[in-house]
Structure formats: C-alpha cells, structure tokens
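Every number for a ligand or one of its atoms is a count from 1 in the order of the listing. The structure presented is a predicted model; accordingly, all values stated were derived computationally and were not measured. Residue indices begin at 1 and follow the sequence shown.
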Amino acid sequence: MKYGKALISEFPANEVSQLGAYAECLQAEAGAAGGGFPAALRLHIGEPDFSTPAHIRAAAVEAFSSEQLTYGPAAGWSWLRNLLAEKIARVNGYVVDPSEIAIAVGGTGAILAALLATVGVGDEVLIPDPCWPHYAMQLAVCGARAVGYPLDPAHGWLPDITRLEGLVTPRTRLLLINTPHNPTGTVLPPALILDLVEFARRHDLYLLSDESYDEIIFEGRHASPATLLSRREFEEGRIMCVYSFSKTYSMTGWRLGYIAAGARLIQTVVTVLDACSSSVSTVTQRAGAAALTGPQACVAEVREAYRRRRDVAVGWLKECGRYTYTPGGAFYLLVDVSDKLAPDYGVYQFAFDLLKQRNVAVAPGSAFGAVAREYVRISLGASEKDIERGVRELCAFSRVGSPC
Ligand SMILES: Cc1ncc(COP(=O)(O)O)c(C=O)c1O
C-alpha cells in the first residue's frame, strides 16, 4: 500500500470537523429511527451565519453572463489589485503598490503560497499556541516543523517575547502572527506588534501576518505590522500580510483572499500561486471588486452583530461565574472548562458528550493547540438566542467520565 508522504498522511484528523460530522450523524440516526431531533446548536464552526450581500452576488451573476471567463493573470486581475491597494491604504493604513499584491484562493491559499515560497524541509516556523489548525497542516505540506509559541491566558492570550527567544534555533525561518486571533479573539496591541517585528528583524526571520479578521474588531483599530516598517524595509521583503474576503463580507464559499509583500518577494509567491492554481476564478474576482466598490454598511452591520453576540456570551459567562476575558475581535471566545475535566476525561470527550447529551456543538480547545486543551471555543457565527442557550448549557453541563 502507498499512502503518500508520511508527514501529510499521518497528520491528525481535524477534531472540529469530526465533531461536526458526529452532529450530522446524530441527526441522521434520529431521523432514520423516525424521531424528530433538532439540528445541534452550531457553536463549533468558524463560519459566519450571514449571507453574502445581494450586490456582491449580482456582480458574479453579471460576470457569468458577460465575461469571456478565460484564464487570468497568476497574481490576479489588475482592476482588483488596484482596488485592494486602495483598501489596504484605507483600512490597514499603509501604502502598497498594486504590483505588490497577489490574489489567492482564500486566505488559506495566500498563507500556503507564502509558506511554500519561504520555508522548506526541516525549517522551523514559530506559530501561536493555540492557533488556527491549518497552519500546522500547511507546514506539514511544506515539510517544515511547526514550533508553537504559547499565548498566555493569564495575560489576555498574548505572546511573551522572552519565551519566543527561547524557541529560536539555527533552523528557525519564519514567525507567524495572527491578529485578530482565532481561536481567542485577542487583538495584538501595537506596542507588542512592534516588539514582534523587532524580534523578527533580530533573528532575520520572515514575518507572516495573518490579518484575515482585520475588519472584525470591536474596540479601537486593527494594527498591521506593515505600518511599523519603512517603505524601504517593506520593499526589501521579510514581511507578508494576508487578508480575506471570507469574514469581512461573509464570503467563505467564494474562496477569495490576497497577500501583500515587497515586489521581489511577491513574485516568488506568485510563482507558487501559478503552480498551484494558475489563477483565481474571474467571477469570484468580480464579486470581490463589487464588495470593495459597493456600500460598506454591510461590514459595519456584521461587526455590530458579532459585538452584540460577544456581549451576550460574555454576559452569560459572567452570570455563570465562568468569565475570564473579553475578546476584542474576530468571532471566537475560549471558555475554561478545566473543572469539568479529569485525567481520563479530556476536552475532546467533553465536547462529544455535550453534543450528545445537550445537542450543543462547541470546538474542543485541543484542536487549536496544547495550551487550549482545557478550554472549548465558542464561535459567534450563530444567533444571539443560540449563543445564550449554548453558553447556558455549556455552563450547566458537567458530566464527567461518560464515554461516548
Ligand atoms: C486565522 C485564520 N486565518 C485564515 C483563515 C482562512 O480563511 P479563508 O481561506 O476563508 O480566507 C481562517 C479561516 O477560518 C482563519 O481562522
């Protein structure tokens, strides 16, 4: 038997997807047995429950009927890259030439292209612990080694530069940061971002900044590390900033993201993008252009909805005596459930039992890294009513030791 590369074929299954599959399985089983079983409350999934705004959909329909729909340039169409340069200046606060932007299949495609362009077999990459599980999966694809740097729950889930220093070896190539952050919802303060930029400079590392949630921020403004670099340093390479349409415009299924980096570095990234996908669908790019040129009220509306949901979740956690922090962005919240666990009863089993017995799906923190193994992640991509019920059930549930 041949299974492909061991690093990839032996990569552990995603626990959040497993839980989602189990929720569907429970419902199907109940349906087959003739019983009515309501769909589980979906607080596990990192996806907006909003629909893509109508004017964005209409632009795609128009493109279907009027465009030639040929291959496009590997970096993306210049009309969209021009708009993206304007967006980066307007929202992210730094100047970038359209030629320093490349369009990819989602933030996922942009991050993978950035990693394939910069790290290789045996290289070490510093990623946050906890973090979005795809980083480790993508590093396995590159043959590189993920080295988790802990985020400290006692200090608002922020990284500590001293601990980062201790993880650097001669093989370290890249530091990955993510703000606003999945799964904590933490927003890195500008002073700490500056420390991280200096750390990357000190050790001559690439800095990959995942800013996929840049417009979902509840207090203050999102700070991109690119704003802390001189124009010359940006042009020299080192830094790569990734953005996405998925969360800002509720466009997860459209698969549209982009990356900004100095002209020479972006050329390397574009070669990877060309090798992987040739180009992103023109229909999707037209939809992205409509998102950027159309009314931006939809962005503010979605942000306000997430803020209200965050406040509902935080309010109920306070009510139940389980409050630890208030996330400043993205749409996630980690809840400490350590008191509900036991040495032979981990958070994965806890999440399965909560689903089976209370029909509430939350993501086990172990899916995001060792530091979150006594937490569950609640996603705010659900209605206020569902969030309230889900948090109350989560707080009330404490069945220790019942195997699924
Ligand atoms: C932190 C983070 N980065 C990047 C992505 C990629 O999103 P997409 O590929 O839909 O742009 C996600 C998706 O959940 C995420 O949570």
_Residues Glu388, Lys385: salt bridge by 4.0 Å N-O rule_ = no

inquiry  = Tell me whether Lys318 is salt-bridged to Asp311, with the criterion being a basic N under 4.0 Å from an acidic carboxylate O.
reply    = no

Validation row: Thr252, Phe245 side chains within 4.5 angstrom (heavy atoms):
no

Sorted by chain and residue number, the salt bridge (Lys or Arg N to Asp or Glu O under 4.0 Å) partners of Glu165 (sequence neighbours excluded) come out as Arg202

task: Before accepting this row, confirm whether a basic side-chain N of the pair Arg238/Asp204 lies closer than 4.0 Å to the acidic partner's carboxylate O.
output: yes

- Query: Are the aromatic rings of Tyr243 and Tyr213 close, with centres under 6.0 Å apart?
  - Reply: no

Counting only non-hydrogen atoms and a 4.0 Å cut-off, the residues near ligand 1 are Gly106, Gly107, Thr108, Ile111, Trp132, Tyr135, Asn178, Asn182, Asp210, Ser212, Tyr213, Ser244, Ser246, Lys247, Arg255

